[in-house]
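Reminder, nothing fancy here: chain letters follow the sequence lines and each chain counts from 1.
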Protein chains: 2
Amino acid sequence: MNNALETSLRLVRAQTSLVRRFDGRLSALHGVSLADLTLLLQLGRAEGGRMRRVDLAQALGLTASGVTRGLIPLERIGLVVREPDPRDARVAYAALTPTGRERLAEMLVTAEMVAEDVFESQRWADGGFDLLAGLLAELEGGRAGAVRG
Amino acid sequence: MNNALETSLRLVRAQTSLVRRFDGRLSALHGVSLADLTLLLQLGRAEGGRMRRVDLAQALGLTASGVTRGLIPLERIGLVVREPDPRDARVAYAALTPTGRERLAEMLVTAEMVAEDVFESQRWADGGFDLLAGLLAELEGGRAGAVRG
DNA sequence: ACCATGTACTTGAGTACTCAAGGAGTTGTC
DNA sequence: GACAACTCCTTGAGTACTCAAGTACATGGT
């Protein structure tokens, strides 16, 4: 039968379950969601720990609107600050604060533990893991990413 | 580096992209979302084309509340009806109408096309596909499904 | 210098969920 | 046969997004 459709639906369910595991642990220990962590991590990897909202949206697969809204609580709790661009007054960088960088490091420890726990089963050990990573990378690109807001 | 965390984040992105592809096509052709289709499909597979809301929630990985809300538009457009249980006045079955069954069949044709399109790439052909399906099945179970509302 | 067009971001309205609380019905126990 | 405890479902409030429209600024052509 329809393995392609079946597998797509399975992927959706797998993600739901996975996100819940991350959210549960991250929110209990650090008061953030997986979405928050993903955003902070993206900033942490950027040069100077800062990015334009547009680029952040692109990198995260969200709309610019979603990024604006997602940043608000992170700014409120002081993990991120808004920084203007002297060359272009339209842009508002989102920049990691020193506190933000520290907290991010702590969150990553938790997130890595959860991730390893998710994939602990024997099944993943024998190369299945790398294969999954490769296959997912392929899917990520998909012709219909959300992009403009 | 942290392949487990990296792969988890990848899975989240892959799902987002995938859902958008399905939603785009399904909404254009049939006026429903992938979530709607999943719900109808679940009913379509159940004995008598009907299920209790609780069981539907369990099967879909949603809360009972989410099911109640998700059914409203489907009832409104006549694809699903509410049916009482003569044995237990608490339960309200969600049942596929004849129209619902017809429309579901049409939607499935579209969804299957999208799914095959998603997995068309050569990479999937050589067994990678079945492997992915198996791996995702493993993840689906995860210790932290949402369940009660 | 001006203006059309384009880019960066925010905001209002709407959708799809969640959790917590509550109503209504059932069931096991004494 | 009464009642505590459980189950099924709905509802109010809140969150995390989406899309469409609007504001502010930048840029390239004339």
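Leu29(A) and Val118(A) fall into different hydrophobic clusters, defined by Ile, Leu, Val, Met, Phe, Trp and Tyr side-chain heavy atoms under 4.5 Å apart, directly or through other members.
Separating the CZ atom in Arg13(A) from the OG atom in Ser8(A) is a distance of 14.5 Å, to the nearest 0.5 Å.
The main-chain N or O of Arg20(A) is never found under 3.5 Å from a side-chain atom of Asp23(A) such that the two would form a donor-acceptor pair.
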Can you give me every donor-acceptor pair (side chain of residues 37-47 of chain B, partner residue at least two apart or in another chain, under 3.5 Å) with its distance?
{"residue": "Thr38(B)", "atom": "OG1", "partner": "Leu34(B)", "partner atom": "O", "Å": "2.7"}
{"residue": "Arg45(B)", "atom": "NH2", "partner": "Glu6(A)", "partner atom": "OE1", "Å": "3.0"}

Please tabulate, for side-chain N and O atoms in residues 67-78 of chain A, each donor-acceptor pair with protein atoms closer than 3.5 Å (sequence neighbours left out).
{"residue": "Thr68(A)", "atom": "OG1", "partner": "Ala64(A)", "partner atom": "O", "Å": "3.3"}
{"residue": "Arg69(A)", "atom": "NH1", "partner": "Ser65(A)", "partner atom": "OG", "Å": "3.2"}
{"residue": "Glu75(A)", "atom": "OE2", "partner": "Arg53(A)", "partner atom": "NH2", "Å": "3.0"}

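Leu71(B) places its CG atom 15 Å from the C1' atom of dT11(D), with the value rounded to the nearest Å. As rounded to whole Å, 17 Å separates atom P of dT7(C) from atom CG of Asp85(A). We find that CG of Leu56(A) is positioned 11 Å from P of dT10(C), with the value rounded to whole Å. For the pair Tyr93(A) OH and dT7(C) P, the computed distance is 17 Å after rounding to whole Å. Residue Leu60(A) contributes atom CG, which lies 10 Å from atom P of dT18(D) at whole-angstrom precision. In this entry the distance linking CZ of Arg82(B) with P of dC8(D) reads 14 Å, nearest Å.
Partners of Arg90(B) according to the side-chain hydrogen bond (donor to acceptor under 3.5 Å, both in side chains) rule, which considers only residues two or more places apart in sequence or in another chain, are Asp88(B). Not counting sequence neighbours, the partners of Arg50(A) by the salt bridge (charged side-chain N to carboxylate O under 4.0 Å, His left out) test are Glu83(A). By the salt bridge (charged side-chain N to carboxylate O under 4.0 Å, His left out) test, Arg52(A) is found to be paired with Asp55(A), residues two or more places apart in sequence or in another chain being considered.
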Dump the pairs, protein N or O against N or O of nucleotides 24-29 of chain C, anything under 3.5 Å, distances to one decimal.
{"residue": "dG25(C)", "atom": "N2", "partner": "Arg90(B)", "partner atom": "NH1", "Å": "3.1"}
{"residue": "dT26(C)", "atom": "OP1", "partner": "Ala89(B)", "partner atom": "N", "Å": "3.1"}

Protein-nucleic acid N or O pairs under 3.5 Å, nucleotides 12-16 of chain C:
{"residue": "dG12(C)", "atom": "N7", "partner": "Arg69(A)", "partner atom": "NH2", "Å": "2.9"}
{"residue": "dG12(C)", "atom": "O6", "partner": "Arg69(A)", "partner atom": "NH1", "Å": "2.5"}
{"residue": "dG12(C)", "atom": "O6", "partner": "Arg69(A)", "partner atom": "NH2", "Å": "3.3"}

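In the region residues 37-53 of chain A, proximity to DNA chain D at under 4.0 angstrom, judged on heavy atoms, holds for none of the residues.
Within the structure, side-chain hydrogen bond (donor to acceptor under 3.5 Å, both in side chains) pairs that include any residue of residues 93-109 of chain A comprise Asp85(A)-Tyr93(A) (at least two apart or interchain).
In terms of heavy-atom proximity, Phe22(A) sits nearest to Ala111(A) at CE2-O, 3.4 Å.
For Thr68(B), whose side chain is taken as the heavy atoms from C-beta onward, the closest listed nucleotide among dC17(D), dC9(C), dC9(D) is dC9(D).
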Evaluation steps, side-chain contact (heavy atoms from CB on, under 4.5 Å), between Val54(B) and Val91(B): CA-CA 9 Å; Val54(B) 175; Val91(B) 350; over 6 Å; no
